[in-house]
Amino acid sequence: MGSTEEDPNKLNSLHDPSSPTQPLLSKPTTSTSYPSSPIEEPTSILPPDPDPTQFLQISYNYDPRPFKDLPFLILFALLVLCTFGFGIFSIFNRNTKYDDVSSYTYDSSTSTCVESSSLSLSNSNRVFGFVMFSSSSSSFWKVLIWTLVITLILTVPICFLLLWLLKRYTKQIVYVSLPFIVIMPIFLDVYWFVACTVSSSCSDAFPLVYRILVLVFVLLVVGVIVWILVANWHRIELTVQIIGVASDALSRNLGLFLVLPLLTIGLVVYYAPIVVFLVFARLNGKIVARESKGEYTCVWKQDNWVPAYYTLAILTMLWSLTAMVEAQVYVISGTIAQWYFSKDDSVPKRSIRSSLRNAFGPSSGTVCLSGLLIFVVRVVRAAVDSARQDAPGIVNLVLRCCVNAFLSAIDFLNKFTINFAAITGEVYCTSARMTYELLRRNLLSAVFVETVSTRLLGGIVFVLSAIYAIVVWAIVKGVNSLGVDSYLVAVFAWLLLIVVLTFFIHVLDNVIDTVYICYAIDRDRGEVYKQDVHEVYVHLPISRSLRSPFPSSTPGV
């Protein structure tokens, strides 16, 4: 690469996709498809390109993909096989006398525990007590179950209605929800304070001092929310447009709303036998005599391998959870990327099917590695947070700061890696490096998109779920005479709706990330696949910390 006086044909040959010397993330020096004013060619000598035989030009990879990151897939498969293998062994090796521990007594003549002839009625008493408890509160459970069933059914039209509103009336929904994000928690806080003060049972359980502390704490949290909104007010308009673009992209791939819940249900079905294995694992052991203060009692002693199996099974379940989350992100990214890079505005056929095939086929090792990294980061961060309870010290503080900085760096690199891997099919490490280089060269950063849009969508979800909970409470209060239990029914309905809507926001957030990466690829290549996306994302602020000696192919940003 040299100055502008070189032969143009030579420059064009460098960007031929079929050329074996195509460099990583290469982009043409001029663009005829991007609507922009002409730019002057750089006269300075650019740094030497990386090994041209090592990289390919970035685009969605429609070709059959080879298997990547196989060692991590093999490791995950071994953990699953060990979990299921020892779980099946625990079923056949269980001791059926586990429930009869109370019927065993210590025999001093043989120094062992022997079974006595008397029968224990403790289990039947517990069952009888449970039946009595259930019968005494049958009306509450009936109302609660019906409310949750109706809420679960209504979540489907609520999600589609919210998506349609975010697509058509994004600005109106956001600006109408902003006041309620502040008003709603203040109203609920004051209402709880007054209701608890009036109620004698609540006032006895919560003294006035505690009620005032809760009231002030919630008001302080609301104050922080107001400060965040004011500080980011100049970003609201652009974030509204970004949410609208992502909602439009998601509305054109509605099949994701069928596939993603099915993947979640599949994870639950996968968990079911492991939970059964954990239940039967505790039945592996024997009844032994234990001496305490000169007296012997018969207790249950688990086999030595049972705690290790519990650890293995729990680690497998946690890794499976994070891997499934990353697989869902992979499917979302692959589907949205195929729609984005389609020349016309139509949805590509079998885009979801091909994304599923890649996620659970050639890229399954990449998905497992990404899930493992997220799992390790969460475990280490939880350990660091628990270490704060120890005695403070300068060494402890420095170590926590270093660990938090390292974990934040991993989170940053991991954020778009799985999105990029879904587009290109590259291995995890290559995807992480290429994503970083892509953003660095084009002066892009995801912090703006990540924080503001997620908080706005979270606020909208909170407002909608709170309004729904108030409506549920009013209906239950008017139809049934549950009293204070009506509040509990409303709380459970609120929790169920907010979980479903949070999943919806999670999907929309991943769509925003995918569209962002696709826009960066477009910008890097000097092309425009989706004009409406470029009209919005072109206003993203430049990340000065990611400046690069490479020139941007898109001016005016």
Side-chain angles (χ1 to χ4, degrees), residues 154-178 180-181 232 235-264 324-340 347 351-352 355 359 414-416 418-420 422-423 446-465 468 496-520 530 532-533 536-537 540:
L154 290 178
T155 52
V156 177
I158 289 176
C159 287
F160 282 105
L161 177 61
L162 179 59
L163 179 62
W164 182 79
L165 291 175
L166 290 176
K167 177 184 176 182
R168 297 284 185 177
Y169 308 101
T170 314
K171 186 174 183 178
Q172 292 83 346
I173 290 296
V174 170
Y175 281 102
V176 168
S177 301
L178 285 177
F180 287 96
I181 295 175
N232 295 279
R235 301 180 174 183
I236 299 297
E237 186 65 30
L238 180 56
T239 305
V240 167
Q241 298 179 20
I242 291 175
I243 295 175
V245 168
S247 301
D248 178 68
L250 184 57
S251 65
R252 298 179 185 274
N253 298 273
L254 293 178
L256 291 172
F257 284 109
L258 176 62
V259 173
L260 298 178
L262 289 178
L263 291 178
T264 304
M324 179 56 71
V325 171
E326 292 302 284
Q328 292 179 345
V329 175
Y330 189 102
V331 173
I332 295 170
S333 302
T335 304
I336 298 298
Q338 291 182 64
W339 163 80
Y340 184 94
V347 179
S351 58
I352 298 179
S355 298
N414 187 73
K415 177 173 176 55
F416 291 113
I418 196 66
N419 305 103
F420 195 90
I423 297 174
V447 177
F448 172 82
V449 180
E450 176 187 6
T451 56
V452 182
S453 61
T454 303
R455 289 170 182 172
L456 276 180
L457 293 172
I460 294 174
V461 166
F462 172 78
V463 171
L464 290 178
S465 57
Y468 179 81
L496 178 59
L497 181 61
I498 204 170
V499 166
V500 176
L501 291 181
T502 301
F503 179 77
F504 167 78
I505 296 304
H506 170 72
V507 175
L508 195 58
D509 274 339
N510 285 289
V511 173
I512 293 175
D513 294 342
T514 304
V515 173
Y516 184 78
I517 288 295
C518 293
Y519 163 76
K530 291 292 182 289
D532 55 340
V533 174
V536 173
Y537 278 73
L540 285 174

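The structure displayed is predicted, hence computed values, not measured ones. These numbers come from the heavy atoms of this one structure, side chains and all, not from hydrogens, waters or symmetry mates.
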**Q** Rounded to the nearest 0.5 Å, what separates atom CG in Leu508 from atom CG in Leu501?
**A** 11.5 Å

**Q** For the pair Phe160 and Phe257, name the ring-plane relationship: parallel under 30°, tilted 30 to 60°, perpendicular over 60°.
**A** tilted

**Q** Looking only at heavy atoms, what is the nearest atom pair of Gly255 and Ile352, with distance?
**A** C-CD1, 3.5 Å

**Q** Are Ile512 and Asp509 packed together at the side-chain level, in the sense that at least one heavy-atom pair is separated by less than 4.5 angstrom?
**A**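 Touching, per the 4.5 Å side-chain cut-off.
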
**Q** Out of curiosity, Tyr468 OH to Ile498 CD1, how far, rounded to the nearest 0.5 Å?
**A**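 Between atom OH of Tyr468 and atom CD1 of Ile498 there are 13.5 Å.
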
**Q** Looking at every heavy atom in both Ala246 and Val511, which two are closest together, and how far apart are they?
**A** O-CG1, 3.5 Å

**Q** Is the Phe180 to Phe462 ring centre distance short of 6.0 Å?
**A** no

**Q** To the nearest 0.5 Å, what is the distance between CG (Leu238) and OH (Tyr537)?
**A**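 Reported value, rounded in 0.5 Å steps: 9.0 Å.
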
**Q** Leu166 versus Asp248: any side-chain heavy-atom pair under 4.5 Å?
**A**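 Answer no - side chains too far apart.
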
**Q** Are the side chains of Ile242 and Val515 in touch, meaning some heavy atoms are under 4.5 Å apart?
**A** no

**Q** With sequence neighbours excluded, tell me which residues meet side chain to side chain contact (heavy atoms under 4.5 Å, CB included) with Glu237.
**A** Lys171, Tyr175, Gln241

**Q** Apply side chain to side chain contact (heavy atoms under 4.5 Å, CB included) to Met324 and Thr264, showing your working.
**A** CA-CA 8 Å; Met324 179 56 71; Thr264 304; 5.9 Å; no

**Q** Atom OG of Ser247 and atom CG of Leu162: how far apart are they, to the nearest 0.5 Å?
**A** 7.5 Å

**Q** Let me see the working for Cys159 and Val500 under side chain to side chain contact (heavy atoms under 4.5 Å, CB included), right down to the final yes or no.
**A** CA-CA 8 Å; Cys159 287; Val500 176; 4.0 Å; yes

**Q** Which heavy-atom pair separates Gly334 from Ser355 by the least distance, and what is that distance?
**A** C-OG, 3.2 Å

**Q** What's the shortest heavy-atom distance between Ala249 and Ile336, and which atoms?
**A** O-CD1, 3.9 Å

**Q** Nearest 0.5 angstrom please: Asn253 CG to Thr335 OG1, how far?
**A**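 Rounded to the nearest 0.5 Å, the CG-OG1 separation comes out at 6.5 Å.
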
**Q** Quick check: does any side chain N or O of Lys530 sit under 3.5 Å from a backbone N or O of Trp339, one acting as donor and the other as acceptor?
**A**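 Between the backbone of Trp339 and the side chain of Lys530 there is a qualifying donor-acceptor contact (under 3.5 Å).
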
**Q** First locate atom CG of Asp513, then atom CG of Asn419, and finally report the distance between them rounded to the nearest 0.5 Å.
**A**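 Between atom CG of Asp513 and atom CG of Asn419 there are 5.5 Å.
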
**Q** Between Ala337 and Ile423, what is the shortest heavy-atom contact and its length?
**A**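 Between these two residues, the closest heavy atoms are CB-CG1, 3.7 Å.
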
**Q** Just do the ring-ring contact (aromatic ring centres under 6.0 Å, His included) check on Tyr519 and Tyr340 with the steps written out, would you?
**A** CA-CA 9 Å; Tyr519 163 76; Tyr340 184 94; 8.4 Å; no

**Q** Carefully, step by step, assess His506 and Val329 under the rule side chain to side chain contact (heavy atoms under 4.5 Å, CB included).
**A** CA-CA 9 Å; His506 170 72; Val329 175; 4.3 Å; yes

**Q** Just jot down the side chain to side chain contact (heavy atoms under 4.5 Å, CB included) partners of Ile181, sequence neighbours excluded, or say none.
**A** Leu178, Ile225, Val463

**Q** Restricting to non-hydrogen atoms, name the atom on Val331 and the atom on Ala359 that form the minimum distance, rounded to 0.1 Å.
**A** CG2-CB, 4.1 Å

**Q** Please assess Phe504 against Leu250 for the test side chain to side chain contact (heavy atoms under 4.5 Å, CB included), listing each intermediate value before the final yes or no.
**A** CA-CA 11 Å; Phe504 167 78; Leu250 184 57; 4.2 Å; yes

**Q** Just by modelled atom types, is the Leu497 backbone N or O under 3.5 Å from a matching donor or acceptor in the Ser465 side chain?
**A** no

**Q** With sequence neighbours excluded, what pairs up with Thr502 under the side-chain hydrogen bond (donor to acceptor under 3.5 Å, both in side chains) test?
**A**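 Residues passing side-chain hydrogen bond (donor to acceptor under 3.5 Å, both in side chains) with Thr502: none at all.
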
